[in-house]
Amino acid sequence: MSGGRRQPWWADEGGAGGLLGALAAEGRLRAAARALAEDELHDAVYVDEAADGAEAEAPLRLAAQDREDDLQIIIYADGPWSVRLSMGPAGARLTQVAGPPGASLRLPRADGERWLPLEPGEVVEAPADLGQPAGVELWDAEGGRWWLVRGPGV
Amino acid sequence: MLPTDPLPALVRAFVDDPAGPSGAPLLAEVQRQVRGVCRPYPDAYFSLGRKDDVSLTDLSHRVFTVCARVDKGRFPFLGRPPFRAFAEERLDGRAVRYHSFYARLSVTRELLRDEYARNLTRDPVLRAKAARYAEVVEALQAVGEPLPRPEGGPPRWAPKAEGGGPRLLRGPAALRARLAAACPAPVGALAALALTEGGPASAAQILALIDEVQPPDAVLAAPAGDEGLDLPARLTVRAAVRGAWAGLSDEDRALLAAIVSGEDYDSLVRRDPRFGHKSAVTRALKRCGDRFVGRVLEAVGLPAQESASPPKAVVEAVMEVLEELVPSAQPQGGGAR
């Protein structure tokens, strides 16, 4: 490939006008662009070949996981708050994905209530009998009460 | 219940009956996988330099079309459209996803590469990057030699052997410091230094290193009014270029193709001995000037005396047609590789 600033090989042959010269310059640049894109393809920029959408996303079901609520994610949200409930074979887990620190969930139970402190980004075990409620009650650090409504499942 | 993967069955059903009901769910699956593969890629890899729903959907449809319709030559396709190859070889879902989406040389990544190559010539900032890359390659040609490239392996350069025994090479951190100490310097000089003191690398890796120690100058956006020709003008250019191309001899077409493909003279002579003598080049250039350039300029209404610097929009419109006529000037992702 010719370099960007090197005199083109046909220039001392009498040339053929400005358009031909401009086409040659554009041709050299496009060849460089193709080569750069090819180089980066082979250098595997942005590539993780081990990633395979099957495990995370394909609608696979194993016998041991064959329940309607397996591998399901539900987002509860209101105002600045967003909490993710993920249900899999290992049980249910809650993660605060948005909102400031210092919040807690108040979960009603047959024998009273349970308070579950949250930390942004941290996973906490959900009570086994939580199920998939239509909403969850969140109390912020200032004592304000929020009702987080269930969004679409993923 | 045994684990099941619906993808192979969807592919087989689609190959058996392309107009049947499996097309829609297969396209939906392709869209889902393409979105997964594309997560780390920036805007530069998508149509019009924008990564959004429209460009992702467009890419998904092109992946589907290539997989369904385009014969691909390399393994495992061996001259068949990918979906047909998957069905005939009874590949499992993981292999189908690997070759279609996730492999380094998958159908999806080849199309991403082609869009990136196009954006490298459209976007002013990316054009500057391509020009710097050309300078790097020119420097590497002077001080290095390309290493034998395994099938599918990255193209790499090594310093020319000097016969002086073992060579001491710097590690990445020491090389970065050495380059930084040499700045400011021309890109080519830094590339030569990086290769001779850092050892084998690809040109893209060396460019990335140079960009790190000596960031490129700020590049301004394209000036206003440089948006390209309107449709009637583009149609006029297309007709003129196709007509002028049809009037060229095979020899003249070969020369013009070499010029617009950015091919160097040595490569042209190796490939086509008709140009081994410089007078042959001179004659062919004159014919190209008379029969091609003159005719195109006349069609777009540019008098010869005003055509020393033809508008960028005209050059791009002519180039667009020539890329269709000259296979070596085309990107390859949708083709038979």
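No hydrogens, no waters, no symmetry mates; every other heavy atom, side chains included, goes into these values. Residue numbers start from 1 in every chain, and the chains themselves are labelled A, B, ... in the order their sequence lines are given, proteins ahead of strands.
- B:Y116 and A:E38 share no donor-acceptor pair across their side chains, judged by distance under 3.5 Å alone.
- Proximity to chain A (any heavy atom under 4.5 Å) is shown, for B:R127, by both the backbone and the side chain.
- Across B:P42, B:S106, B:G294, the residue that shares the most heavy-atom pairs under 4.5 angstrom with chain A is B:P42.
- Taking 4.5 Å as the limit, every side-chain heavy atom of B:R118 sits out of range of all side-chain heavy atoms of A:R30.
- Most heavy-atom pairs under 4.5 Å with chain A, from the set B:C38, B:A204, B:A208, B:A139: that is B:A204.
- When all heavy atoms are compared, the tightest approach of A:H42 to B:R104 is O-NH1, 3.4 Å.
- Only the side chain of B:V296 comes within less than 4.5 Å of a heavy atom in chain A; its backbone stays farther off.
- The distance from the CG atom of A:L19 to the CE atom of B:M319 is 10.5 Å, given to the nearest 0.5 Å.
- There is no contact between B:L112 and chain A, counting heavy-atom distances below 4.5 Å.
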> After noting the C-alpha distance and the side-chain angles of A:R28 and B:E263, does the key distance pass the salt bridge (Lys or Arg N to Asp or Glu O under 4.0 Å) rule?
Replying inline: CA-CA 7 Å; A:R28 285 197 304 280; B:E263 187 173 8; over 6 Å; no
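- Neither the backbone nor the side chain of B:L7 comes within contact range of chain A, judged by heavy atoms closer than 4.5 Å.
- A tilted orientation is assigned to the rings of B:Y41 and A:Y46, their planes being inclined by 30° to 60°.
- Here the straight-line distance linking atom CG of A:L23 with atom SG of B:C288 works out to 10.5 Å at 0.5 Å rounding.
- B:F101 does not touch chain A: none of its heavy atoms, backbone or side chain, sits under 4.5 Å away.
- Of all non-hydrogen atoms in A:L29 and B:A130, the two that sit nearest each other are CD1-CB, 4.0 Å.
- Closest approach of B:A117 and A:R34 over heavy atoms only: CB-CA, 4.0 Å.
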> Can B:Y45 and A:E40 be said to form a side chain to side chain donor-acceptor pair (under 3.5 Å), step by step?
Replying inline: CA-CA 12 Å; B:Y45 283 79; A:E40 292 193 356; 3.1 Å; yes
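- Scanning both residues, B:R109 and A:L41, for their nearest heavy atoms gives O-CD1, 3.7 Å.
- Taken from CG in A:L36 to OG1 in B:T121, the straight-line distance is 11.5 Å, to the nearest 0.5 Å.
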